[in-house]
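Written below as structure tokens is the structure these notes are about.
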Amino acid sequence: MSNLLEFIWSLSATLAALSCGVMAALIVARLIRQSRDRRLPALSVRLVLDLLAYSKGEIEAPKLAVRTRHERDLVLKSALDVARALDGASLERLVGLMRSVSLDVHCRRLAVRGHIPDRVAAIENLRLFRDAETASFLQQLQASPHFRICVAGMRTSIEVGRPPDLEAVLKLAERPEGARSLALFKIVEVCVHANLTPALAILAAGLPRESHVMTLKAIGTSRSPLALRAIARSTNDIDPEVRAAAITALRAIGAADIAPYFVAALRDVDWRVRLKAVEGLGQCGAPEDRASIEPLLNDSVWWIRFRAGEALERLARAEPSSGASALKTQDEGKSPLAAAPVEASPVAEDLAMLAPPGAGAKVRLDQVWQRLPRAANRLAS
Amino acid sequence: MTGFSLLDLAVTVARSIGWMVIGGALLQNLTYLGQLFVAQRALSVEPPEPHSDVLWRRSAAVVPPITLMAPAYNEEATVENSVLSLLALDYPRFEVIVINDGSKDQTFETLKRRFDLEPVQRDYEPAATHARIRGVYRSRAHDKLLVIDKENGGKADALNAGLNLARTPIVCSMDADSILEPDSLLRAVQPFIEDPERVVAVGGTVRVANGCRIKDGRLQTVGVSRNPLAVFQTVEYLRAFLLARLAWSRLGVLTIISGAFGLFRRSALIEIGGYAHGTVGEDMELVVRLHRRAIETGDSHRVVFLPEPVCWTEVPESLAVLGRQRARWHRGAIETFVRHGAMMMNPKYGRVGAIGMGQVLLFDLIGPMLELVGYTLMPLMWALGILDVEYLIAFFALSIFFGIAISMGALALEEAELRRVSHVSDLLRLAGAAVLENFGYRQLNSWWRLVGFWQWMRGVKSWGEMTRKGFSAAATDAA
């Protein structure tokens with residue numbers, strides 16, 4: 001029993017010593033950090049000023065302290081801040097200086113080992129270096145099986161002005177999870193503004209529905225008539241969500257000759273497609289399209305009847321064959337949607353709630369779909 | 001002979017109880033130690049992103065809209081600042097619904113005057129039950145603010161009203177007297193973006209605002225209160241959130257998300273009928289019910305705790321109020337355990353039934369009783385001469401040093417990974433509290449828990465009066 005007593009006391013003593021040691025270490029570490037942090041703002045400001053002056057050729061290369069990781073991070077952060085204000089030769093000088101102290105190598109090294117958040121941060125820092133070596137490295141990262149690394153690689157690649165690797169984008173698109181599709185949406189959205197090829201390839205590849213829908217939406221944001229044919233093909237897809245997304249994308253593109261697609265979609269068996277089509281026709285159509293819309297005033301879905309009424313009213317006011325003018329009005333935030341009383345209609349409030357910041361009347365109706373059945377039930381009751 | 005046998009029996013029983021007390025304490029401490037290791041691992045493998053602008057750049061375009069539901073009952077002292085802090089959050093799309101739960105003070109009038117409210121009509125489906133809504137108001141000054149004025153029905157009832165009127169896929173429940181950090185929503189929503197199919201609830205850390213400087217609903221500087229009770233609670237909150245919840249979350253057995261700050265998938269809450277009435281531990285009950293429902297329907301689900309989205313709350317600085325709060329919390333835990341006792345050790349409920357409910361049983365139900373039995377029995381056994389005083393002191397010392405070591409571990413983790421404590425003097429004060437809390441405060445806590453148990457036995461349902469100074473007063477104190 002005395003052994004037990006000894007054990008208890010020695011355990012207690014160990015715990016006490018451990019606690020004191022931890023406390024002492026915490027205090028010492030805090031004091032060291034405080035003294036370092038106190039110097040940090042001055043250091044940071046001086047570094048930024050030096051880098052700026054050097055980039056403009058006003059001074060010789062400053063001596064950069066890059067021994068510890070903390071120092072390297074500080075230099076990189078300052079350089080990224082300075083880079084925002086530079087272009088052309090001065091930016092080249094700055095990047096050259098960073099390369100001379102091997103910070104590109106440091107970022108690349110960090111990007112392939114260690115914890116994922118550190119790796120993602122290192123990959124994002126690579127946006128400073130726009131050379132072929134970095135581009136090829138970023139391309140390699142895009143093949144990473146890890147989602148966050150892959151997406152970081154693609155985003156940085158886009159930021160340095162290179163379209164992401166098509167194969168990698170296609171692989172990403174194959175992942176069905178919602179978040180991945182959202183990431184894909186952002187990537188494709190950026191892609192399409194520069195070069196439609198990856199997005200169109202996704203459409204042609206027959207990928208999962210969610211990816212397909214996201215790609216269609218992203219292409220729609222490009223407003224490029226080049227995508228019209230690819231989107232039009234999707235209006236005949238077997239999946240109603242894809243068809244509806246295609247109609248939405250067509251409406252966003254707003255080319256002059258899209259009305260026939262809307263007219264065809266008015267007869268779709270799925271109510272969501274009909275809803276999108278009637279909304280699209282209301283905005284992009286001409287008075288002569290009113291005859292196609294009128295049958296929808298008797299549609300089984302109340303929301304379509306409501307939208308059909310709105311579309312007819314709008315087309316009655318429109319000039320003959322003035323499809324594009326409705327779109328223009330919407331862009332300027334003067335669409336009837338924008339003018340709709342928000343509190344008067346719960347659905348209108350839904351729309352206002354879901355509108356992206358600063359988007360005015362360009363509400364994301366597709367996100368309201370999930371609420372529509374409920375709203376319809378409420379109306380019916 | 002008979003007398004000798006009875007004494008013998010009494011000694012044996014007393015010794016058995018003594019060993020049970022020691023065993024229970026050891027098990028508790030070992031669990032804390034395990035939590036410390038799991039939490040350390042979790043924080044070092046995936047430390048929170050230190051810069052919220054990076055988060056903004058990465059995810060602002062894809063975040064879902066959120067409705068913040070803030071029930072307010074007699075909160076006239078704090079409601080204005082709290083609502084201001086909510087309206088100032090850095091999040092792309094959100095709406096704030098403040099639910100005035102039939103306050104007897106000037107809460108609603110304060111809101112009406114300060115935010116220029118006008119009555120509006122908002123239709124809703126009564127998916128979750130609640131008391132009658134007297135009116136819905138929209139602020140003319142802040143279009144993101146909606147105020148529901150309803151008859152009193154309790155916090156769960158108020159949250160149900162908010163849930164019904166919310167129109168976003170994610171809802172955030174919080175206390176109207178709490179202050180969210182500007183980036184807390186952006187941080188807390190990350191699991192919903194990364195794993196949208198499975199994540200049903202996300203909780204964040206709740207920290208003690210007493211001693212911090214708060215202005216216009218925004219936290220200016222982090223400090224530690226001079227009130228010893230508030231400092232003890234600061235250490236306690238650190239231990240509870242940084243160790244326990246983080247560890248349970250990593251193990252997939254988290255059974256509580258603090259009512260002060262939690263994000264939920266609205267459809268999941270609607271499916272289970274919203275918050276439960278008739279319990280004072282509605283936050284815990286809700287999470288356990290979410291687990292239960294998901295397991296019973298075979299849905300893969302996750303309840304996540306994140307250490308970095310931070311919500312600041314004012315804690316009681318008087319023994320009477322603190323005692324009432326702790327008794328109520330304990331009553332809530334017992335009510336939840338009783339309602340969902342069938343999950344305990346039931347293989348159907350897997351880890352949640354075994355570890356999640358097991359820890360409720362060990363820490364919330366048996367723990368305080370064992371501790372108090374220990375405190376009364378050990379000296380008794382010593383007085384009767386059946387316990388060696390050396391053992392008594394040794395076990396007590398071990399229990400104290402274990403407690404101190406765990407608290408120091410939590411402080412070390414905080415300092416290494418999150419660094420929220422501003423000054424060395426604050427750190428020292430917290431370390432002092434980690435030592436001193438073992439002499440009196442910890443025992444009081446066990447006593448309050450026992451009071452909570454007694455109240456539950458008597459069927460007490462009330463929340464008890466909670467008085468608050470308000471953040472302006474707290475800021476003055478800090479200054």
Side-chain angles (χ1 to χ4, degrees), chain A residues 1-2 4-9 11-16 18-23 25-27 29-31 33-34 115-118 120-121 124 147-148 151-152 155 176-180 182-183 185-186 189 342-346 349-350 352-357 367 370-371 374-375 377-378, chain B residues 44-49 51 54 57-62 64-65 67 92-95 120-125 138 143 167-169 192-197 267 388 390-391 394-395 397-409 411-412 415-416 419 421 423-424 427-428 431 434-435:
Chain A
M1 287 300 271
S2 66
L4 179 64
L5 200 63
E6 272 174 31
F7 172 72
I8 293 170
W9 276 117
L11 188 59
S12 299
T14 311
L15 288 170
L18 201 66
S19 303
C20 292
V22 166
M23 199 57 232
L26 285 184
I27 301 289
R30 166 55 77 98
L31 289 172
R33 194 155 51 82
Q34 269 185 0
H115 302 322
I116 297 296
D118 292 344
V120 170
E124 288 176 348
F147 170 67
R148 285 163 73 177
V151 171
R155 282 187 171 170
E177 292 88 344
R180 289 164 187 188
L182 286 171
F185 172 71
K186 291 313 294 174
E189 191 186 27
V342 170
E343 287 295 349
S345 147
E349 197 176 342
D350 277 343
M353 183 66 212
L354 291 168
Q367 289 189 19
Q370 52 182 341
R371 288 159 209 228
R374 208 186 66 212
N377 290 338
R378 197 162 52 215
Chain B
S44 65
V45 167
E46 207 152 345
E49 170 59 55
H51 307 292
V54 174
R57 188 157 54 85
R58 281 183 198 154
S59 53
V62 295
T67 298
R93 282 172 279 166
F94 70 97
E95 181 177 49
V120 289
Q121 177 73 36
R122 183 180 270 208
D123 295 332
Y124 65 95
E125 219 182 330
R138 167 80 67 192
D143 60 355
R167 289 188 170 158
T168 54
F192 286 105
I193 299 174
E194 289 179 6
D195 193 359
E197 313 294 327
S267 57
D388 194 340
E390 283 184 42
Y391 277 96
F395 277 121
L398 181 64
S399 154
I400 297 290
F401 285 124
F402 226 126
I404 294 172
I406 297 294
S407 298
M408 290 296 177
L411 268 179
E415 185 62 8
R419 291 175 196 157
V421 185
H423 305 290
V424 176
L427 210 55
L428 280 169
V435 176

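B:Ser407 is linked by a side chain to side chain donor-acceptor pair (under 3.5 Å) to B:Arg239, B:Glu437, counting only residues two or more places apart in sequence or in another chain. For B:Asp143, the salt bridge (Lys or Arg N to Asp or Glu O under 4.0 Å) criterion is met by no residue, not counting sequence neighbours.
Options A:Thr14, A:Ile27, A:Asp118, A:Leu18 differ in how many heavy-atom pairs under 4.5 Å they form with chain B, and the most are formed by A:Ile27.
Of the atoms belonging to A:Ile8, heavy atoms from both backbone and side chain fall under 4.5 Å from chain B. Contacts between B:Pro48 and chain A at a heavy-atom distance below 4.5 Å are absent for every atom of the residue. Residue contact with chain A, scored on non-hydrogen atoms closer than 4.5 Å, involves the backbone and the side chain of B:Val421 alike.
Of all the heavy atoms in A:Ser12 and B:Leu398, the pair that sits closest is OG-CA, 3.3 Å. Considering every non-hydrogen atom in both B:Ala412 and A:Leu26, the closest pair reads CA-CD2, 3.6 Å.
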